[in-house]
Colleague: 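I'd like to ask you about the structure that follows.
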Amino acid sequence: QVQLVESGGGLVQAGGSLRLACAASGLTVSNYPMGWFRQAPGKEREFVAAMPWNVGRSTYADSVKGRFTISRDNAENTVYLQMNSLKPEDTAVYYCAAGGWRSTIPNGNKYNLWGQGTQVTVSS
């Protein structure tokens with residue numbers, strides 16, 4: 001079964017850090033562009049970060065640049081999102097997603113496979 005499973009969410013105070021993990025099964029993350037998105041209550045899902053399947057630059061939403069880092073551990077077949085200097089406005093359900101096999105990073109939210117999400121809550 002092909003699936004993505006997020007973990008690592010939780011409650012943290014403003015200024016703190018969390019590391020989200022996205023464990024993949026049924027696909028090899030090193031062959032897919034991978035992305036992170038988030039959805040806050042009452043808002044649309046928004047892009048957070050993405051990385052290409054091959055050597056290339058990752059991209060970030062302006063709101064998280066310099067604070068969040070997307071990375072991949074091929075041996076663990078897992079994608080991570082390191083989140084530092086968290087703010088209350090980062091509170092949301094965070095989703096990881098996989099694009100097409102060895103394709104470019106999808107435009108917008110046109111990813112093929114999504115995880116179920118993990119809740120991140122940042123208190124002020």
Side-chain angles (χ1 to χ4, degrees):
Q1 182 179 4
V2 180
Q3 62 178 354
L4 303 173
V5 179
E6 300 95 334
S7 62
L11 173 64
V12 64
Q13 288 188 330
S17 299
L18 282 175
R19 189 178 76 156
L20 305 183
C22 173
S25 58
L27 65 84
T28 302
V29 295
S30 60
N31 285 324
Y32 295 82
M34 300 296 296
W36 284 95
F37 289 75
R38 66 187 182 186
Q39 187 168 21
K43 296 187 177 181
E44 294 188 352
R45 188 176 300 186
E46 65 174 0
F47 169 76
V48 175
M51 66 185 305
W53 71 271
N54 54 359
V55 176
R57 298 179 66 179
S58 297
T59 60
Y60 297 89
D62 289 342
S63 59
V64 307
K65 278 181 182 177
R67 301 188 298 123
F68 290 12
T69 303
I70 187 172
S71 64
R72 181 175 62 214
D73 185 326
N74 293 339
E76 296 294 328
N77 204 31
T78 298
V79 176
Y80 297 97
L81 184 69
Q82 178 67 44
M83 307 186 295
N84 299 328
S85 302
L86 282 161
K87 305 174 181 179
E89 50 263 45
D90 295 318
T91 295
V93 177
Y94 282 72
Y95 300 88
C96 72
W101 185 82
R102 295 192 175 183
S103 67
T104 56
I105 293 175
N107 291 325
N109 61 357
K110 295 180 180 179
Y111 285 71
N112 296 337
L113 179 67
W114 294 82
Q116 83 291 346
T118 186
Q119 176 70 48
V120 171
T121 303
V122 184
S123 62
S124 57

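Since this is a predicted model, take the numbers as computed values, not measurements.
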Colleague: If two hydrophobic side chains count as joined below 4.5 Å and joins carry through other members, does W101 share a cluster with M51?
Modeller: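 Yes; tracing contacts between hydrophobic side chains, which count when under 4.5 Å, links both residues.
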Colleague: Are S58 and I70 close enough, and set up right, to give a side chain to side chain contact (heavy atoms under 4.5 Å, CB included), and what steps lead you there?
Modeller: CA-CA 7 Å; S58 297; I70 187 172; 3.6 Å; yes
Colleague: At their closest point, which heavy atom of A14 faces which heavy atom of P88, and how far apart are they?
Modeller: CB-CD, 4.1 Å
Colleague: Tell me whether L81 shares a hydrophobic cluster with L18, the cluster being built from Ile, Leu, Val, Met, Phe, Trp, Tyr side chains joined at under 4.5 Å.
Modeller: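 Yes, L81 and L18 fall within the same hydrophobic cluster.
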Colleague: Got a sec, which residues hit salt bridge (Lys or Arg N to Asp or Glu O under 4.0 Å) with E46, two or more places apart in sequence or on another chain?
Modeller: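 With sequence neighbours excluded, E46 shows a salt bridge (Lys or Arg N to Asp or Glu O under 4.0 Å) to R38, given in chain and number order.
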Colleague: By side chain to side chain donor-acceptor pair (under 3.5 Å), which residues pair with T121, not counting sequence neighbours?
Modeller: Q119
Colleague: Shortest non-hydrogen contact from F68 to Y60?
Modeller: O-CE2, 3.2 Å
Colleague: Considering only residues two or more places apart or on different chains, which pairs with a residue in residues 49-69 satisfy salt bridge (charged side-chain N to carboxylate O under 4.0 Å, His left out)?
Modeller: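 Non-adjacent pairs meeting salt bridge (charged side-chain N to carboxylate O under 4.0 Å, His left out): D62-K65, R67-D90.
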Colleague: Which other residues belong to the hydrophobic cluster containing I105, where Ile, Leu, Val, Met, Phe, Trp and Tyr are joined when side-chain heavy atoms lie under 4.5 Å apart, directly or via other members?
Modeller: F37, F47, V93, Y95, Y111, W114
Colleague: Quick one: pull up OG in S124 and NZ in K87 and give me the separation to the nearest 0.5 Å.
Modeller: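 Answer rounded to 0.5 Å: 14.0 Å.
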Colleague: Considering only residues two or more places apart or on different chains, which pairs with a residue in residues 44-94 satisfy disulfide bond (SG atoms under 2.5 Å apart)?
Modeller: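 Passing the test, one end in residues 44-94: no pairs.
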Colleague: Which residues, ordered by chain and number, are linked to V55 in its hydrophobic cluster, where ILVMFWY side chains connect at heavy-atom gaps below 4.5 Å, directly or through other members?
Modeller: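 Its cluster mates, by chain and number: none.
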Colleague: Could you tell me which non-hydrogen atom of A98 sits nearest to which non-hydrogen atom of Y32, and how far apart they are?
Modeller: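 That would be CB-CB, 4.5 Å.
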Colleague: Under a single-linkage definition using a 4.5 Å side-chain heavy-atom cutoff for Ile, Leu, Val, Met, Phe, Trp and Tyr, are V64 and L86 assigned to the same hydrophobic cluster?
Modeller: yes
Colleague: Applying side chain to side chain donor-acceptor pair (under 3.5 Å), can you list everything that pairs with Q39, at least two apart in sequence or on another chain?
Modeller: none
Colleague: Check for a donor-acceptor pair, side chain of D73 on one end and backbone N or O of T78 on the other, with a separation under 3.5 Å.
Modeller: no
Colleague: List the residues meeting side chain to side chain donor-acceptor pair (under 3.5 Å) with R72, not counting sequence neighbours, and say none if there are none.
Modeller: N74
Colleague: Sequence neighbours excluded, which residues qualify as side chain to side chain donor-acceptor pair (under 3.5 Å) partners of S17?
Modeller: N84
Colleague: Measure the spacing between CZ of R19 and OG of S7 and express it to the nearest 0.5 Å.
Modeller: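 Separation between the atoms: 9.0 Å.
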Colleague: Mind jotting down which residue pairs meet the salt bridge (charged side-chain N to carboxylate O under 4.0 Å, His left out) criterion with at least one end in residues 114-124? Sequence neighbours excluded, please.
Modeller: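 Pairs touching residues 114-124 that pass the test: none.
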Colleague: Return the set of residues passing side-chain contact (heavy atoms from CB on, under 4.5 Å) with T118 (not counting sequence neighbours), or none when no residue passes.
Modeller: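 Listed in chain order: E6, L20, Y94.
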Colleague: Examine distances only and state if a side-chain atom of N77 and a backbone atom of L27 form a donor-acceptor pair shorter than 3.5 Å.
Modeller: yes
Colleague: Any donor-acceptor pair under 3.5 Å linking the side chain of W36 with the backbone of A49?
Modeller: no
Colleague: Does some side-chain heavy atom of V12 sit less than 4.5 Å from a side-chain heavy atom of M83?
Modeller: no
Colleague: Y80: which other cluster members, linking ILVMFWY side chains closer than 4.5 Å, directly or transitively?
Modeller: none
